[in-house]
There are 2 protein chains.
Amino acid sequence: MAFEVEQKILDDFVKNKGLKHSSQRKDILMAFLRTEKHLTAEELYSLVRKKNPAIGIATVYRTLKLFCDCGLSRELRLGSEAVRYEHLYGHEHHDHLVCLTCGDFIEVVDPEIEHLQEKLARKEGFTLQGHKLIMYGICQGCKE
Amino acid sequence: MAFEVEQKILDDFVKNKGLKHSSQRKDILMAFLRTEKHLTAEELYSLVRKKNPAIGIATVYRTLKLFCDCGLSRELRLGSEAVRYEHLYGHEHHDHLVCLTCGDFIEVVDPEIEHLQEKLARKEGFTLQGHKLIMYGICQGCKE
DNA sequence: TGTGATAATGATAACCATTTTCATTACTGT
DNA sequence: ACAGTAATGAAAATGGTTATCATTATCACA
Ligand SMILES: [Mn+2]
Ligand SMILES: [Mn+2]
Ligand SMILES: [Zn+2]
Ligand SMILES: [Zn+2]
């Protein structure tokens with residue numbers, strides 16, 4: 001529960017950019033790391049307020065952007081709703097399979113799909129830097 | 001340039017739902033079909049105004065939703081910007097390969113990737129209904 | 001260990017795409 | 001023609017996010 005590595009990633013990034021340390025960012029980082037859920041800024045804000053009720057939503061937004069910049073997190077846009085954030089550091093790359101009925105989703109990855117994407121992009125003259133694959137369907141539970 | 005088939009799809013949909021015909025919707029449909037670009041509501045609004053300057057942006061939004069409902073168009077969310085719409089009827093399914101530098105994108109499809117997605121979803125107990133694959137990279141032109 | 005420069009914060013206003021509201025107009029079946 | 005109701009356009013509202021700004025906190029260095 002210490003997350004020293006993640007804290008160091010943030011601290012180093014902050015130092016390299018000539019930024020300053022803040023306790024709010026640490027509170028936000030801890031709340032973010034302590035859950036494996038894919039949270040929106042608002043949801044994370046609610047969590048952090050339990051620890052630090054004085055914190056502002058703007059700081060949460062600013063800090064989530066910082067997490068993305070330093071490689072700790074990644075944005076997820078599943079639909080038209082608010083952006084969700086998930087852990088990036090220490091987590092394998094994966095895509096998402098979303099249930100259209102209950103909204104739940106699972107994380108999936110297929111190395112062959114990943115490889116074929118690379119091949120496809122190269123064929124078109126692109127240097128692939130990333131991708132977003134979201135599959136939509138009906139989950140087992142919702143079919144019953 | 002007549003698009004009788006597409007017009008019929010819309011007319012039938014409207015009739016089946018007990019809705020009423022309107023000239024605005026026809027103007028919007030024609031402007032939409034006449035371009036192969038992936039337009040935002042605002043962009044389509046600009047086009048339609050040349051033909052019908054009295055039209056309102058709300059009607060464009062409402063009508064684009066209708067096009068999606070009747071299978072004439074499909075939403076595209078490439079990033080955090082406005083939603084874009086592309087033709088669906090009469091167009092093969094495809095995904096997009098977006099250049100992170102110039103913003104241009106090309107349409108691509110790989111049957112093998114499509115098939116593997118289906119297989120992956122089934123393995124997880126999902127009945128796949130659709131997917132969204134966007135690949136991001138640097139295009140040939142931007143590398144030079 | 002102070003002090004000045006400047007980054008970070010929180011409240012709030014602004015932003016922007018989209019949706020809703022509502023009074024008015026246009027269709028449509030009879 | 002008429003009644004019933006869907007569609008429209010203007011404008012306000014919405015919701016997520018970003019910008020502004022006065023105040024506070026951090027930190028390199030004197
Ligand atoms: Mn995930
Ligand atoms: Mn396309
Ligand atoms: Zn489900
Ligand atoms: Zn390019």
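Lettering of chains follows the sequences in order, A, B, ..., and the numbering in each one begins at 1.
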NZ/NE/NH1/NH2 to OD/OE distance under 4.0 Å, A/Glu6 and A/Lys8: no
Is the shortest side-chain N to carboxylate O distance from A/Arg122 to A/Glu124 below 4.0 Å? no
Output field: ring centroids A/His38/A/His87 closer than 6.0 Å: no
Under 6.0 Å between ring centres: does that hold for B/Phe32 and B/Phe67? yes
In this structure, how many angstroms lie between the [atom2] atom of [N] and the [atom1] atom of [X], rounded?
{"X": "B/Glu43", "N": "C/dT18", "atom1": "CD", "atom2": "C1'", "result": "15 Å"}
{"X": "A/Lys17", "N": "C/dA8", "atom1": "NZ", "atom2": "C1'", "result": "16 Å"}
{"X": "B/Asp27", "N": "C/dA26", "atom1": "CG", "atom2": "C1'", "result": "14 Å"}
{"X": "A/Leu29", "N": "C/dA8", "atom1": "CG", "atom2": "P", "result": "15 Å"}

Strictly under 4.0 angstrom, non-hydrogen atoms only: write out the protein contact profile of nucleotides 5-16 of chain D, one letter per nucleotide from the 5' end, B, S or -. BSSBBB-----S
Is the backbone of B/Glu86 close enough, under 3.5 Å, to the side chain of B/His91 for a donor and an acceptor to pair up by distance? no
With a cut-off of less than 4.0 Å, is there a side-chain N or O of A/Lys65 near OP1 or OP2 of D/dT17? no
Does atom CD of B/Glu92 have more than 12 heavy-atom neighbours, drawn from other residues, nucleotides or ligands, at distances under 6.0 Å? no
